[in-house]
Structure formats: structure tokens, C-alpha cells
Amino acid sequence: MITPITHITAPTRFLEVDGVQLAYRRWGNTDSSQPPLLFLQHFRGGMDHWDPLMTDGLAEDREVILYNGRGISSSGGQPRTRIEDMADDAAAFVRALGLKQVDVLGFSLGGFQALDMTWRHPALVRKLMLLGTGPRGGDPDMESRVLSTAVNPVPTFDDFLYLFFGRSAQAEQAARAFWDRRHLRADQDPPSSPEVANAQIEANMLYLPRLSEDDPFAYLRGIHQPTFILNGVNDVMIPTINSFYMARNLPNAQLFIYPDAGHAAQFQYPQRFLQHVRQFLKE
């Protein structure tokens, strides 16, 4: 059954997990044979940083679940400083909802969590989607401007344009359309605190070292879930080559590289992304 609830109207709910109130929103097609799709967000991001076109489009075929991790935005608790702890929290949250299996979509730092969640809790994940992200021990090079822009206390449109989108006039037009959609919801979550930024920077730094110098991506070859990997051709935050490293080592992965796009290719080409990922989830 498809309910009239949408990204704009879905109420914020809270679930207690290990003594902490975690915020989430859940809506979509409850008659689907596919498991719910869990979204894991980027650095400092919360539930209101997703694109309504993307979440509502995917909710037509299944339930979707947006989620704020421990300490992020409207969720309680102290923010985590390790990706593996964030991944374990997401797994505990899914189990607390009474779900035996989900599909997982992670973007950027959320992709780190999605990958670790699938690695550490394989029975819980049916299919995996990794957007603008990379593996443990991947290429850490980023443009120097990223370091000053990504930590702005109140990110502006120009910050998002530089960090997430391509450089053409068409890319800027797509960015403005995304920015308008993203602000349609009236009762938005509060921004994440500076403590979240500090904790996630520490977690990001500890995610960078290779697990093995001889074969740094060997751990990926133990992850057998069907995997959808997407990036723009020029990601200034997490170099696009990391998507290739994942595609070459994950045994059941397919790679999409969108042209004239950056870190958030799914926000620049939302309709193309929906077509690709809906086919992937139905296969």
C-alpha cells in the first residue's frame, strides 16, 4: 500500500537503542516484496540533507528509512568517533525496528558506514549502494579548498555547489534545483553540533589507513552482496578512483560514473539515478 506520506510530511520518530533516542523517518510502499531501504548520510548531514525527488521516487517501490546516527542533529547521545561504531549503531537500529534484512544506501561518510555495516553484519544487508565514497585504505587526496569549505559552520549554496556538483553551467542549474528541493520541508531538523564535525573528522582520519600494505582491499572481496557504486567523474572530496577500487574488488559490484559531475552525482542527475538504482534493486 502506498500512503500519502512523503519526504516533506513524514513525521520524525524516535527509537531507543542502547539507552539513546535515535531519530528517523519511515514511509513508502508497504506492500513491496523488497526490504526497506536505509539511508546513511554524509559528513555532518542529517535527514533533511537528502533529495526529496530521490527518496520519494524510491519510496514508490518499497519503504524508505532516513536515520540520524548517535549525536547527529535531532538524535540523542554522543557522536561516534569510529566508523565501525557508527556501522554497529546502524545495525542495532535496524534490529530494534524488528527488521531481519534491509537494503542500505550510503553517501560519502555514510558510504563508509554502509560498507562497514555490510562487512560486519552481512546477514542484515541484502543489497548495497555506495555513492561518492571509498574503501578503507583508499586514495585520500582531496583539493585543499575542501578542508576549509566542508567545515563551514553554516554551509551555503556556494559551498554545496563547489563540494557536490560539476563545474558547468548545467551543473550549477542542477545544483540550484536540488537546493530548492532540499529546503521544501518546513519542520527541518536542527543542524548538527560542532562536536559532530570533530567526531566525524576523527572517524574519517582513522578510516584512512590501509588494513594491509600488500593487499589493501582484500577485505572487500569477502563482501558478496550485489553492490551499486556511483560517483561523478571529478569528485573533489573522495577521489573518483576509489569507486574503481571498490568495483574491482567487490565480487558483485557494478560501477556508474556520471559525466560533468562531482561528489553528489545522484543529486545532479536525480532522474537518471532513480532509473538506474530502481532497476538494480528490482534485479
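For clarity, every value in this text was computed on a predicted model and none was experimentally measured. Atom set for the values below is all heavy atoms of this structure, side chains included, hydrogens, waters and symmetry mates excluded.
Sorted by first and then second residue, the ring-ring contact (aromatic ring centres under 6.0 Å, His included) pairs with a member in residues 184-209 read Phe112-Tyr207; sequence neighbours excluded. Note on residues 231-252: pairs passing ring-ring contact (aromatic ring centres under 6.0 Å, His included), not counting sequence neighbours, are Phe217-Tyr245.
Remark: the backbone N or O of Arg210 is not paired with any side-chain donor or acceptor of Glu213 at under 3.5 angstrom. At distances below 3.5 Å, not a single donor-acceptor pair connects side-chain atoms of Asn68 with backbone N or O atoms of Ala23. Between the side chain of Thr81 and the backbone N or O of Ala203, no donor-acceptor pair lies under 3.5 Å. Within the 3.5 Å criterion, the main-chain N or O of Thr6 finds a donor-acceptor partner in the side chain of Thr9. Of the possible donor and acceptor atoms, none in the side chain of Gln21 sits under 3.5 Å from a partner among the backbone N and O of Ser75. Within the 3.5 Å criterion, the main-chain N or O of Gly46 finds a donor-acceptor partner in the side chain of His49. Distance alone, capped at 3.5 Å, places no donor-acceptor pair between the Ser243 side chain and the Asn231 backbone.
Looking at Glu63 and Thr30, their side chains come closer than 4.5 Å, going by heavy atoms from C-beta outward. Put simply, the side chain of Phe228 does not reach to within 4.5 Å of the side chain of Glu283, judged on heavy atoms. For the pair Val154/Thr156, no side-chain contact is recorded, criterion being any heavy-atom separation below 4.5 Å from C-beta on. Val236 places a side-chain heavy atom less than 4.5 Å from the side chain of Tyr162. No side-chain heavy atom of Glu60 sits under 4.5 Å from any side-chain heavy atom of Asn29. Looking at heavy atoms from C-beta onward, Leu109 lies in side-chain contact with Ile83 at the 4.5 angstrom threshold. The shortest distance between side-chain heavy atoms of Gln34 and Lys282 falls below 4.5 Å. Counting heavy atoms from C-beta on, the side chains of Val151 and Ile201 come closer than 4.5 Å.
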Exercise. Could you go step by step and tell me if Ser168 and Asp260 meet the side chain to side chain donor-acceptor pair (under 3.5 Å) rule?
Worked result: CA-CA 7 Å; Ser168 70; Asp260 181 35; 2.4 Å; yes
For this session: Given side chain to side chain contact (heavy atoms under 4.5 Å, CB included), test Asn242 with Asp235 step by step and report yes or no.
Result: CA-CA 10 Å; Asn242 288 299; Asp235 185 339; over 6 Å; no
For this session: Carefully, step by step, assess Ile229 and Gln254 under the rule side chain to side chain contact (heavy atoms under 4.5 Å, CB included).
Result: CA-CA 6 Å; Ile229 301 169; Gln254 52 187 303; over 6 Å; no
Problem set entry | Derivation and outcome, side chain to side chain contact (heavy atoms under 4.5 Å, CB included), residues Thr133 and Ser108 | CA-CA 4 Å; Thr133 194; Ser108 192; 5.5 Å; no
Problem set entry | Worked check of side chain to side chain donor-acceptor pair (under 3.5 Å) between Ser193 and Glu195 | CA-CA 5 Å; Ser193 67; Glu195 287 73 23; 3.2 Å; yes
For this session: Before giving the answer on side chain to side chain contact (heavy atoms under 4.5 Å, CB included), spell out for Arg126 and Gln225 the whole-Å C-alpha distance, their side-chain angles and the decisive distance to 0.1 Å.
Result: CA-CA 6 Å; Arg126 185 191 69 135; Gln225 280 81 355; over 6 Å; no
Exercise. Does the salt bridge (charged side-chain N to carboxylate O under 4.0 Å, His left out) test come out yes or no for Glu84 and Arg120, once each step is laid out?
Worked result: CA-CA 8 Å; Glu84 54 268 35; Arg120 296 166 67 86; 5.7 Å; no
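Put simply, CZ on Arg70 and CG on Asp88 are 10.5 Å apart, with the number rounded to the nearest 0.5 Å. The CG atom of Asp180 sits 8.5 Å away from atom CZ of Phe157, with the distance rounded to the nearest 0.5 Å. Put simply, CZ on Phe43 and NE2 on His263 are 11.0 Å apart, with the number rounded to the nearest 0.5 Å. Within the model, atoms CG of Leu128 and CG of Leu105 stand 8.5 Å from one another, a figure rounded to the nearest 0.5 Å. Annotation: the span from Met86 atom CE to Leu40 atom CG amounts to 11.0 Å, rounded to 0.5 Å. The CD1 atom of Ile5 lies 11.5 Å from the CZ atom of Arg26; values are rounded to the nearest 0.5 Å.
At a threshold of 4.0 Å, the pair Arg167-Glu172 does not count as salt-bridged, since none of the basic side-chain nitrogens sits closer than that to a carboxylate oxygen. Between Asp48 and Arg25 there is a salt bridge, since at least one side-chain N of the basic residue sits less than 4.0 Å from a carboxylate O of the acidic one.
In plain terms, the two heavy atoms of Val102 and Met117 that are nearest each other are CG2-CE, 4.3 Å. Here the shortest heavy-atom pairing between Val64 and Thr55 reads CG1-O, 4.0 Å. Across Arg44 and Ser192, no two heavy atoms sit closer than the pair O-OG, 3.1 Å. Of all heavy-atom pairs spanning Gly76 and Val20, the tightest one is O-CG1, 3.1 Å. The minimum heavy-atom distance linking Pro79 with Ala199 is given by the pair CB-CB, 3.9 Å. Heavy atoms only, all atoms of each residue included: Phe14 and Ser74 are closest at CE2-O, 3.3 Å.
Paired with Leu99 under the rule side-chain contact (heavy atoms from CB on, under 4.5 Å), one option of Ile65, Leu38, Leu124 passes, and it is Ile65. With Thr227 as the fixed residue, the side-chain contact (heavy atoms from CB on, under 4.5 Å) test singles out one of Leu220, Leu130, Val125, Leu255: Leu130.
You'll find the ring centres of Phe165 and Phe267 outside the 6.0 Å limit. Aromatic ring centres of Phe164 and His42 lie closer together than 6.0 Å. Note: Phe39 and Tyr67 fail the aromatic proximity criterion, with ring centroids not under 6.0 Å apart. Aromatic ring centres of Phe256 and His276: separated by under 6.0 Å.
Counted by atom type alone, Asp215 and Ser212 present zero donor-acceptor pairs between their side chains at under 3.5 Å. Side-chain N/O atoms of Asn249 and Arg221 include a donor and acceptor closer than 3.5 Å.
Side-chain heavy atoms closer than 4.5 Å link hydrophobic residues (I, L, V, M, F, W, Y) into clusters, and following such links, even through other members, never connects Met205 to Leu147. Residues Met129 and Met47 fall within the same hydrophobic cluster, defined by Ile, Leu, Val, Met, Phe, Trp and Tyr side chains chained together at heavy-atom separations under 4.5 Å. Hydrophobic clustering of Ile, Leu, Val, Met, Phe, Trp and Tyr side chains at less than 4.5 Å, counting indirect connections, unites Leu281 with Phe273. Linking Ile, Leu, Val, Met, Phe, Trp and Tyr residues whenever their side-chain heavy atoms come within less than 4.5 Å leaves Leu53 and Leu58 in two separate clusters. Under the 4.5 Å side-chain heavy-atom criterion for grouping Ile, Leu, Val, Met, Phe, Trp and Tyr, Leu161 is connected to Met142 within one hydrophobic cluster.
Ring-plane geometry between Tyr269 and Tyr258 is classed as perpendicular, the angle between the planes exceeding 60 degrees on a 0 to 90 degree scale with a lower cut at 30.
Cation-pi contact between Arg182 and Phe160: present, with separation from the ring centre below 6.0 Å and deviation from the ring axis of at most 45°. Because its NZ or CZ atom is both nearer than 6.0 Å to the ring centre of Phe280 and within 45° of the ring axis, Lys127 counts as a cation-pi partner of that residue.
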